[in-house]
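Inspection log for the structure reproduced underneath, given as structure tokens.
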Amino acid sequence: MRNPHNEPLTSEIDGPVRKCILSGDRAARDNLVRLALGPEGQVLPDVRAKAPGRGAWIGVPRADLEKALTKGKLKGVLTRAFKTSAFTLPADLPALIETQLERQLLDRLGLESKGGHVVIGHERIDKTARSGKLHLLLHASDAGADGSRKLDQAWRVGSDAEGSGMRGLAIPLARPILSMALGRENVVHIGITDPGAAGRLRTALDRWLHYIGSELVSAACETASQGATALATGQPDMRDDVPDDVTENI
């Protein structure tokens, strides 16, 4: 999924499609964030889309959501979506969504590690990359440029992509956070060895980056997405049209 933060979300993934109540853009459900109406009338984020009851979907970055909340637009569109005005919007709703999206990404990383799909350590990642078994490469925000560059090159060699712009993703999470997520010490670089795991992580990562409006999404668009996204998802590196038969606000 290639989504600079100033572009609408589009879908390359088969499955249910939803419409953002603020922008009107349609995308795969996993790319959007569900807002659920709780039993006590409070609107809360439901990033896993598992809460019962009526829900509505948003796909805009946090800055746009904050403007809609301040100007009352969010209240209006939710009134139509929920078919009631008897609800309350927490003032920290945008922050709650960001926290949940980051937590979901870190939880996914931990699950893939338990599943045996994660490689850490410079030498191990280098060996895995050169053997053609690497499907996604992540660098901590405080990783050294030289170490990242060498692993990027190893990945291109193993992927028969020398001369391309393919490289790992420098994500806005520092090594202490990544270390805690994996229960290991000094996690600077992370390699993903399973294509399904890489795809699941990219979905969680791209959704979080799009929401926080990170410029790293744009960087991924022009480089790693040309190789990493295709490798991670098994999908062609192109944007597919969203089908007309969409289901909304469920």
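A continuous path of Ile, Leu, Val, Met, Phe, Trp and Tyr side chains, each step under 4.5 Å between heavy atoms, connects Phe87 with Leu74, placing both in one hydrophobic cluster. Both Val33 and Leu106 are members of a single hydrophobic cluster when ILVMFWY side chains are connected at heavy-atom separations under 4.5 Å. Side-chain heavy atoms closer than 4.5 Å link hydrophobic residues (I, L, V, M, F, W, Y) into clusters, and following such links, even through other members, never connects Leu101 to Leu44. A continuous path of ILVMFWY side-chain contacts below 4.5 Å connects Leu138 to Ile120, so both sit in one hydrophobic cluster.
Checked by atom type, the side-chain pair Gln100/Arg48 shows no donor-acceptor distance below 3.5 Å. For His139 and Asp152, the side-chain atoms include at least one donor-acceptor pair closer than 3.5 Å.
Ion pairing between Arg108 and Glu112 holds under the 4.0 Å rule for side-chain N and carboxylate O. By the 4.0 Å N-to-carboxylate-O rule, Asp46 lies too far from Lys50 to be salt-bridged with it.
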Ignoring hydrogens and angles, write down the donor-acceptor pairs under 3.5 Å from the side chains of residues 172-180, residues two or more places apart or on other chains.
unit_1, atom_1, unit_2, atom_2, d
Arg175, NE, Asp142, OD2, 3.3
Arg175, NH1, Asn186, OD1, 3.1
Arg175, NH2, Asp142, O, 3.0
Ser179, OG, Arg175, O, 2.7
Ser179, OG, Asn186, N, 3.2
Ser179, OG, Val187, N, 2.8

Practice prompt. Evaluate the salt bridge (Lys or Arg N to Asp or Glu O under 4.0 Å) criterion for residues Arg62 and Glu66: first the C-alpha distance (whole Å), next the side-chain angles of each, then the deciding distance (0.1 Å), finally the verdict.
Written response: CA-CA 6 Å; Arg62 175 173 174 169; Glu66 289 175 337; 2.8 Å; yes
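One N or O on the side chain of Arg207 and one on the backbone of Leu32 form a donor-acceptor pair closer than 3.5 Å. For the pair Ser113 (side chain) and Leu109 (backbone), a donor-acceptor distance under 3.5 Å is absent.
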